[in-house]
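Basis for what follows: all heavy atoms, side chains included, without hydrogens, waters or symmetry-related copies.
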Amino acid sequence: MKSLLTMFIMFFVNTAMHGQRMLPRQKALEINSGLLLKKSSGDYFLNIGLLIFSRKGNYKIYTAEYSRITIPYKATKINIESYTVEVGYSFNLLGNPTKSLMFNTTLSAVGGYEYINTGNELLYDGAKLLDKSSFIYGASTKLNIEAYVSDRITVTASGRIKLLFNTSQDHAQISMGIGIRFNL
């Protein structure tokens, strides 16, 4: 009888318990990669971020990013590399009670440096680039889908729009990516 009561209690304890996810002040490390949606297919970005969770599935995000855009020019390509830092806040839009699947939106400020053609203004045929490397700044908004694989590992998919100023490219840059997050 005692073992039956113990099994009954263990059954209810196990079904009532869920993982401790997104606790306030808990930190996570996130790595993302994706494609910039442009005409050329070789444009990509890589970023790494630190997240600090607050209440109700919201969190602060601090991200460092590298992106590369290639522009065809005659027989070669001109590379435009951007190194940016992003600081923002993510708001939980929708999620299930166990926080295993969530939809978030992030609003953030972006700043960094745009490096054109590795600093060379002259091209191989003697043509001169009119745009120069410069500091860039702006804002970003992102829609993020997060699915917890375990209590410590999350898989993310996102779509993002960056509005950048002082850039040689389009002011609005659209990208899509996937990533993985490790809760610390």
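For the pair R68 and Y115, the NZ or CZ position fails the cation-pi test of under 6.0 Å to the six-membered ring centre and within 45 degrees of the ring normal.
Ring orientation note: the planes of F165 and H171 are tilted relative to one another, at an angle of 30° to 60°. Relative ring orientation between Y83 and Y66 is described as tilted, the plane-to-plane angle lying within the 30° to 60° band.
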- Item | Derivation and outcome, side-chain contact (heavy atoms from CB on, under 4.5 Å), residues F45 and K162 | CA-CA 12 Å; F45 72 89; K162 272 188 185 179; over 6 Å; no
- Check the pair R181 / L51 against side-chain contact (heavy atoms from CB on, under 4.5 Å), numbers first and verdict last. CA-CA 9 Å; R181 179 184 307 153; L51 285 69; 3.5 Å; yes
- Pair Y137-T84, side-chain contact (heavy atoms from CB on, under 4.5 Å): steps then yes or no: CA-CA 9 Å; Y137 59 92; T84 57; over 6 Å; no
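The local environment of CD1 in I178 is sparse, with at most 12 non-hydrogen atoms from other residues, nucleotides or ligands closer than 6.0 Å.
Contact of the K60 side chain with the K27 side chain is not registered, since no non-hydrogen atoms from C-beta on lie closer than 4.5 Å. Q169 places a side-chain heavy atom less than 4.5 Å from the side chain of I80. Counting heavy atoms from C-beta outward, I52 and Y62 have side chains that approach closer than 4.5 Å. Counting only heavy atoms from C-beta outward, the side chains of I174 and R160 never approach each other to under 4.5 Å. Contact of the L164 side chain with the Q173 side chain is registered, since non-hydrogen atoms from C-beta on lie closer than 4.5 Å. Under the 4.5 Å side-chain criterion, counting only non-hydrogen atoms from C-beta, L37 is in contact with M176. Counting heavy atoms from C-beta on, the side chains of D151 and N183 never come closer than 4.5 Å. E30 is not listed as a side-chain neighbour of I48, based on a closest heavy-atom distance of 4.5 Å or more.
L93 pairs in a side-chain contact (heavy atoms from CB on, under 4.5 Å) with only one of the listed residues (N144, L143, N104), which is L143. Of the residues T105, I61, I161, the one that meets the side-chain contact (heavy atoms from CB on, under 4.5 Å) test with K142 is I61.
Side-chain contact check for E146 and T154: no donor-acceptor pair (N or O, by modelled atom type) lies under 3.5 Å. With no hydrogens or angles considered, no side-chain donor-acceptor pair links E81 and N79 at under 3.5 Å. Checked by atom type, the side-chain pair N58/N92 shows no donor-acceptor distance below 3.5 Å.
Checked against the 6.0 Å centroid criterion, the rings of F91 and Y89 qualify as a close aromatic pair.
Closest non-hydrogen pair, L184 versus L29, comes out as CG-N, 4.4 Å. Between I180 and T156, the closest heavy-atom pair is N-OG1, 4.3 Å. Of all the heavy atoms in V110 and A139, the pair that sits closest is CG2-C, 4.2 Å. Heavy atoms only, all atoms of each residue included: S108 and G88 are closest at CB-CA, 3.4 Å.
Note that CG of L163 and OG of S140 are 9.5 Å apart. Values are rounded to the nearest 0.5 Å. In this structure, N96 CG and L101 CG are separated by 6.0 Å, a value rounded to the nearest 0.5 Å.
Checking side-chain atoms of S67 against main-chain N and O of Y44 turns up no donor-acceptor pair under 3.5 Å. Under the 3.5 Å distance criterion, the side-chain polar atoms of D43 are matched with a main-chain donor or acceptor of T70. When atom types are taken as modelled, the side chain of S134 and the backbone of N166 share a donor-acceptor pair closer than 3.5 angstrom.
Using a 4.5 Å cut-off between side-chain heavy atoms of Ile, Leu, Val, Met, Phe, Trp and Tyr, with links allowed through other members, L36 and I71 fall into the same hydrophobic cluster. At a threshold of 4.5 Å between side-chain heavy atoms, the hydrophobic network of Ile, Leu, Val, Met, Phe, Trp and Tyr places I145 and L94 in one connected group. Under the 4.5 Å side-chain heavy-atom criterion for grouping Ile, Leu, Val, Met, Phe, Trp and Tyr, V155 is connected to F182 within one hydrophobic cluster.
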